[in-house]
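Model, not experiment: these values are computed from the prediction. When a residue number appears, it is its place in the shown sequence, counting from 1.
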Amino acid sequence: MAAVSLRLGDLVWGKLGRYPPWPGKIVNPPKDLKKPRGKKCFFVKFFGTEDHAWIKVEQLKPYHAHKEEMIKINKGKRFQQAVDAVEEFLRRAKGKDQDLTIPESSTVKGIMAGPMAAFKWQPAVSEPVKDADPHFHHFLLSQTEKPAVCYQAITKKLKICEEETGSTSIQAADSTAVNGSITPTDKKIGFLGLGLMGSGIVSNLLKMGHTVTVWNRTAEKCDLFIQEGARLGRTPAEVVSTCDITFACVSDPKAAKDLVLGPSGVLQGIRPGKCYVDMSTVDADTVTELAQVIVSRGGRFLEAPVSGNQQLSNDGMLVILAAGDRGLYEDCSSCFQAMGKTSFFLGEVGNAAKMMLIVNMVQGSFMATIAEGLTLAQVTGQSQQTLLDILNQGQLASIFLDQKCQNILQGNFKPDFYLKYIQKDLRLAIALGDAVNHPTPMAAAANEVYKRAKALDQSDNDMSAVYRAYIH
């Protein structure tokens with residue numbers, strides 16, 4: 001893209017790395033977010049997402065002058081939603097008085113005009129947050145009505161917040177769009193397991209400037225990341241011994257134990273001060289056992305399972321649930337910002353595993369209900385597409401609902417979250433309920449449907465393939 005004359009408030013098309021040009025607006029950055037050194041750039045808020053980034057001038061184009069060109073080359077649904085958001089923003093801006101509050105520290109007073117005036121600037125952390133423009137989301141940790149005490153670590157570009165619940169969270173800007181705003185840790189990072197989730201995580205760690213050594217059971221999967229700048233570890237033990245913090249993300253409790261306790265495993269590389277972060281979704285007993293053996297060798301342990309799917313992993317928009325060594329959690333802050341939009345510290349080891357299973361139990365049960373509704377619509381002569389349209393206009397509307405229904409309607413079950421893994425999580429969640437004598441009848445019913453889908457050879461398809469259990 002050619003360099004253009006731009007100013008604060010302009011609507012633009014911004015391009016970041018391998019991502020397509022996206023509509024956004026040039027705005028003031030949060031006060032604690034410094035401009036990267038080097039070439040001239042502007043801070044851009046993107047429409048239709050929570051993304052915001054420092055974008056170099058040569059990667060920006062005026063919105064109106066290039067609108068038709070961009071619409072021709074980008075056809076995705078999310079892209080169209082972003083364009084619609086811009087147009088809606090412009091329509092509302094024309095019908096309102098141009099009301100704009102500029103921070104006193106701003107050096108651009110008086111130059112604002114046009115559509116920028118409908119955007120209200122971020123108030124101080126202690127003030128309630130209300131957006132005049134619902135398509136923009138401020139870089140704040142908490143926008144809830146509950147009181148919270150926040151401690152801002154400006155040098156790490158994150159915010160830590162302790163709420164009434166006692167849990168702690170770190171929230172960063174969407175990491176696919178903050179290149180230059182994350183200061184990567186100087187610690188050497190290892191990563192074990194390059195599956196659907198691990199691949200996206202490693203890619204984002206590398207993009208944000210981390211030094212990463214990778215290992216995977218199938219070595220060929222490492223090749224792409226070696227080309228992107230990662231180093232290759234020959235065994236899990238070697239990765240742990242040469243890195244300061246090693247992350248792992250594997251499929252199930254058995255794989256997690258084998259990785260640590262097996263030949264040339266993680267445990268053989270642990271010595272005092274070495275750090276191990278297990279991001280696998282497993283049960284609390286498994287993660288407690290792993291923590292004990294790691295700590296017994298003088299290592300530090302954190303569990304950090306992630307909520308999301310392949311696309312969210314690729315986009316750096318995972319939600320990380322952590323528990324264990326609080327100091328290690330904070331040492332991982334730049335890594336968590338690179339791979340996710342939010343992370344929560346939940347206390348002692350085992351809490352994150354329990355919470356993750358509960359989250360996935362809800363998600364898996366909901367997916368089974370979606371499939372059940374679509375098949376019931378079909379057999380009663382109702383349009384499945386109309387059902388989706390109705391759901392998308394109601395309280396259940398969500399990206400998850402729309403994407404999974406589209407998978408079913410299109411017959412496209414390419415895995416974004418393996419069906420076999422959501423069934424595994426349901427099974428573990430039911431066992432969690434059994435351990436405390438708590439009924440989980442909905443999860444149990446959903447689990448049976450997923451087992452039926454597995455019997456129909458759907459294990460390696462997306463979880464939305466549970467639909468096929470209802471039609472066979």
Which atoms form the tightest heavy-atom contact between [X] and [Y], and what is the distance?
{"X": "Gly190", "Y": "Val239", "value": "CA-CG1, 3.7 Å"}
{"X": "Ser280", "Y": "Val250", "value": "OG-N, 2.9 Å"}
{"X": "Asp283", "Y": "Ala353", "value": "C-CB, 3.9 Å"}
{"X": "Val282", "Y": "Ala256", "value": "CG1-CB, 4.1 Å"}
{"X": "Cys41", "Y": "Trp54", "value": "SG-CE3, 3.8 Å"}
{"X": "Arg468", "Y": "Leu456", "value": "O-CD1, 3.6 Å"}

Should [X] and [Y] count as side-chain neighbours, where that means a heavy-atom distance under 4.5 Å?
{"X": "Met208", "Y": "Ser334", "value": "no"}
{"X": "Cys332", "Y": "Val277", "value": "yes"}
{"X": "Leu357", "Y": "Thr281", "value": "yes"}
{"X": "Asn447", "Y": "Gln423", "value": "yes"}
{"X": "Phe247", "Y": "Ile201", "value": "no"}
{"X": "Met339", "Y": "Ser313", "value": "no"}
{"X": "Lys404", "Y": "Met463", "value": "yes"}
{"X": "Gln292", "Y": "Phe301", "value": "no"}

### Task
Test side-chain contact (heavy atoms from CB on, under 4.5 Å) on Ile422 and Met367 and set out the steps.
CA-CA 10 Å; Ile422 197 67; Met367 181 67 252; over 6 Å; no

Using atom types as modelled and distance alone, determine if a side-chain donor or acceptor of [X] lies under 3.5 Å from a backbone N or O of [Y].
{"X": "Asn351", "Y": "Ala323", "answer": "no"}
{"X": "Asn309", "Y": "Leu312", "answer": "yes"}
{"X": "Tyr450", "Y": "Gly364", "answer": "yes"}
{"X": "Lys274", "Y": "Ser241", "answer": "yes"}
{"X": "Lys424", "Y": "Ser251", "answer": "yes"}
{"X": "Ser365", "Y": "Met361", "answer": "yes"}
{"X": "Glu303", "Y": "Gly324", "answer": "no"}

### Query
Quick one: do the Gln310 and Asn314 side chains pair a donor with an acceptor below 3.5 Å?
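Judged by distance alone, the side chains do not pair up.
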
### Lys221 and Ser199: CA distance, side-chain angles, deciding distance, side-chain contact (heavy atoms from CB on, under 4.5 Å) verdict
CA-CA 9 Å; Lys221 286 189 176 182; Ser199 293; 5.7 Å; no

### Message
Can you confirm whether Gln406 is buried at CD, in the sense that more than 12 heavy atoms of other residues, nucleotides or ligands lie under 6.0 Å from that atom?
### Response
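Correct, the count exceeds 12.
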
### Task
Take the angle between the ring planes of Trp13 and Phe79 and call it parallel below 30°, perpendicular above 60°, tilted in between.
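Parallel.
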
Rounded to the nearest 0.5 Å, what separates atom [atom1] in [X] from atom [atom2] in [Y]?
{"X": "Gln458", "Y": "Ser464", "atom1": "CD", "atom2": "OG", "result": "9.5 Å"}
{"X": "Leu196", "Y": "Asp416", "atom1": "CG", "atom2": "CG", "result": "7.5 Å"}
{"X": "Leu194", "Y": "Glu220", "atom1": "CG", "atom2": "CD", "result": "11.5 Å"}
{"X": "Ile270", "Y": "Ser296", "atom1": "CD1", "atom2": "OG", "result": "9.5 Å"}
{"X": "Cys243", "Y": "Tyr276", "atom1": "SG", "atom2": "OH", "result": "12.5 Å"}
{"X": "Ile55", "Y": "Ile26", "atom1": "CD1", "atom2": "CD1", "result": "10.0 Å"}

### Full working for side chain to side chain donor-acceptor pair (under 3.5 Å) between Asp223 and Gln227
CA-CA 6 Å; Asp223 293 344; Gln227 295 173 14; over 6 Å; no

Quiz: residues 430-442 side-chain donor-acceptor pairs under 3.5 angstrom, not counting sequence neighbours:
none

### Task
Evaluate side-chain contact (heavy atoms from CB on, under 4.5 Å) for Val266 paired with Thr246, printing each intermediate quantity in order.
CA-CA 9 Å; Val266 167; Thr246 299; 5.6 Å; no

Ion pair [X]/[Y], N-O distance below 4.0 Å:
{"X": "Asp460", "Y": "Lys420", "answer": "yes"}
{"X": "Arg300", "Y": "Asp325", "answer": "yes"}
{"X": "Glu448", "Y": "Arg452", "answer": "no"}

### Task
Using the side chain to side chain contact (heavy atoms under 4.5 Å, CB included) rule, pick out the option among Asn407, Ile408, Leu401 that qualifies with Cys405.
Leu401

### Query
Who passes ring pair (Phe, Tyr, Trp, His ring centres under 6.0 Å) against Tyr418, sequence neighbours left out?
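Tyr418 satisfies ring pair (Phe, Tyr, Trp, His ring centres under 6.0 Å) with Tyr421 only.
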
#### Entry: Worked check of side-chain contact (heavy atoms from CB on, under 4.5 Å) between Thr213 and Lys188
CA-CA 8 Å; Thr213 299; Lys188 295 178 182 178; over 6 Å; no

